[in-house]
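What follows is a set of notes on a single structure, which appears directly below.
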2 protein chains.
Amino acid sequence: MSTSDDIPARARDADATRDDLLAAARRRFAADGYERTTIRAVAGDVGVDAALVIRYFGSKEGLFTRAADLDLRLPDLTGVRAGDLSRVLVDRFFAVWEDDGTFLALLRAAATSEVAAEAMRTVFAAQVAPALAAVTDDRAPERAALVGATVLGFALGRYVLRLPPLVDMTRDQAQAWLGPALRHYLLD
Amino acid sequence: MSTSDDIPARARDADATRDDLLAAARRRFAADGYERTTIRAVAGDVGVDAALVIRYFGSKEGLFTRAADLDLRLPDLTGVRAGDLSRVLVDRFFAVWEDDGTFLALLRAAATSEVAAEAMRTVFAAQVAPALAAVTDDRAPERAALVGATVLGFALGRYVLRLPPLVDMTRDQAQAWLGPALRHYLLD
DNA sequence: GGTGCATGTCATCGAGCGATGACAGGAGGC
DNA sequence: GCCTCCTGTCATCGCTCGATGACATGCACC
């Protein structure tokens, strides 16, 4: 009896535990934001003691930094025809926002945390602006920022504020609405 | 000596104190977000004991609700020519965002607080959608949400994330960029 | 000029947080 | 079979926060 009803016997594998903690942290940061997310809750989700999180990531901020380390995997836009640009970008948008909580965690946290805001600026400078520079003639940083603001505004409305018209919108409808706006920012 | 070096002798005026507390709360909520704003800090800004805040507003959430009670003062758009619409809206945008911290407080808080998100939804339903319904033929809620997402995205990038290209933009430049996008959302 | 209520203060509680350091236990090397 | 790290736990600290209720103070009114 003492051996048969044990907890599923979590393997003593530090790497796996670290990955589980990062996944749980992303979910919590995305759902609750930075301040309301507690180390105890993240550890509890994984079934581990809170002190272990500190040991692995040093501090709550260290955990967040690792959990919000984010890669948009924007494709190379060189050679993509102007008419297809917005379609590619909106597709990418949904992949990033709906299949993984990382970006939502970063957005929620960025509203109140300067480190998160800085991380967001870095994403723009290192990923968005270079990708868009391949398809614009001039003012690439400005265009990238406007495209980013559009995308972030839509994500804010749909996933954070949950404005009903945006929540109910299908991907195709979003495509149809956002497409012309993105084309304007990229090409006009 | 005991009477000459007193503190400026705050008058015992409950209404004035309440107003001061609300103004201080707006500044704190706008700068720090909901969780990082403490009742003690707000009371300290006004030079008053924290217990008084509870007495006047019941709780931290009560204080926030009152501080974030917000009026966009959108003008009546009936009869405004299509070509002037976006100009009117962007002008209003800057008035709301740069002259008063209320909306910024609401945005920052909405990222992590459900009550704040609900307040934001109410602003859309009660103020933005009706105002825009006067100038659109159909799908007014959808158009209002898209206009709102545009405006919120721009504000997020400029005031919260402080993306350099958006921070450096003049009102006229913002006008020129956002205008066609807003026209698209309103009229296409 | 004293009395009573409105205004504001003080001391304190209980809870939850991040973080620390000492300890336990299992797996692998000799 | 024992020793030794690596992995994870436990007890606890120190702090801050929101909130409460008893107390002090000043103004208005009679």
Side-chain angles (χ1 to χ4, degrees), chain A residues 2-4 6-25 28-29 31-68 105 109 112-116, chain B residues 2-25 28-29 31-68 109 112-116:
Chain A
S2 65
T3 57
S4 63
D6 281 351
I7 307 285
R10 165 172 205 85
R12 286 171 73 90
D13 181 336
D15 286 343
T17 303
R18 245 185 291 260
D19 290 347
D20 290 352
L21 284 171
L22 284 174
R28 287 276 177 180
F29 282 130
D32 303 334
Y34 183 83
E35 291 87 1
R36 307 175 88 97
T37 295
T38 69
I39 290 186
R40 286 165 155 91
V42 171
D45 290 347
V46 177
V48 131
D49 193 275
L52 200 63
V53 179
I54 300 291
R55 182 119 95 202
Y56 284 162
F57 302 99
S59 65
K60 182 180 180 179
E61 192 176 311
L63 174 66
F64 176 79
T65 302
R66 290 284 307 275
T112 49
S113 156
E114 180 50 34
V115 283
Chain B
S2 65
T3 60
S4 64
D5 58 0
D6 280 351
I7 307 285
R10 163 169 209 87
R12 283 171 77 91
D13 180 336
D15 286 344
T17 303
R18 246 187 289 261
D19 289 348
D20 289 353
L21 284 171
L22 284 174
R28 288 276 177 179
F29 283 131
D32 303 334
Y34 184 81
E35 291 86 1
R36 306 176 87 100
T37 295
T38 68
I39 290 186
R40 286 165 156 90
V42 171
D45 290 346
V46 176
V48 130
D49 191 275
L52 200 63
V53 178
I54 300 290
R55 180 120 96 201
Y56 283 164
F57 301 100
S59 67
K60 182 180 180 179
E61 192 176 310
L63 174 65
F64 176 80
T65 303
R66 290 283 308 274
T112 49
S113 157
E114 180 51 33
V115 283

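Chain letters run A, B, ... following the sequence lines, proteins first, then strands; residues in each count from 1.
Nearest heavy atom pair, residue A:A24 against residue A:V46, reads CB-CG2, 3.8 Å. Contact between B:V53 and B:A43 at its shortest, heavy atoms only, is CG2-CB, 3.8 Å. Annotation for A:A25 and A:A67: closest pair CB-CB, 4.1 Å, computed over non-hydrogen atoms.
Side chain of B:K60 to main chain of B:Y34: a donor-acceptor pair is present (N/O by atom type, distance under 3.5 Å, no hydrogens or angles).
In the helix from C:dG1-D:dC30 to C:dC30-D:dG1, the rotation axis of the first five pairs and that of the last five pairs differ in direction by 10°, rounded to 10 degrees.
Nucleotide D:dG8 holds its P atom 10 Å from the CG atom of A:D15, rounded to whole Å. Between the P atom of C:dA22 and the CG atom of A:D49 lies a distance of 16 Å, rounded to the nearest Å. Note: CG (A:L52) to P (C:dA19) measures 14 Å, nearest angstrom. Going from atom CD1 of B:I54 over to atom C1' of D:dG18 covers 6 Å, rounded to whole Å.
Put simply, the residue from B:L21, B:L22, B:L63, B:V48 that forms a side chain to side chain contact (heavy atoms under 4.5 Å, CB included) with B:Y56 is B:L21.
Residue-level contact check: B:F57 touches neither bases nor backbone, having no heavy atom under 4.0 Å from any strand.
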Which protein N or O atoms sit under 3.5 Å from an N or O of nucleotides 23-29 of chain C?
| unit_1 | atom_1 | unit_2 | atom_2 | d |
| --- | --- | --- | --- | --- |
| C:dG25 | N2 | A:R12 | NH2 | 2.5 |

Can you give me the N/O atom pairs linking the protein to nucleotides 13-17 of chain D at distances under 3.5 Å, or say none if there are none?
none

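Side-chain nitrogen and oxygen atoms of A:Y56 include none within less than 4.0 Å of the OP1 or OP2 phosphate oxygen of D:dT7.
When distances run from any side-chain atom of A:V48 to the nucleotides C:dA19, C:dT7, D:dT9, the shortest one goes to D:dT9.
With sequence neighbours excluded, the residues satisfying side chain to side chain contact (heavy atoms under 4.5 Å, CB included) with B:A41 are B:R28, B:T38. Taking A:A68 as the reference, A:F64, A:L106 meet the side chain to side chain contact (heavy atoms under 4.5 Å, CB included) condition, with sequence neighbours excluded. Remark: B:A51 engages B:D49 in a side chain to side chain contact (heavy atoms under 4.5 Å, CB included) (not counting sequence neighbours).
Side-chain contact between B:T17 and B:L52 is present, with at least one heavy-atom pair separated by less than 4.5 Å. Residues B:V42 and B:F29 fail the side-chain proximity criterion, which asks for heavy atoms closer than 4.5 Å.
Between the side chains of B:E35 and B:T112, at least one donor N or O sits under 3.5 Å from an acceptor N or O.
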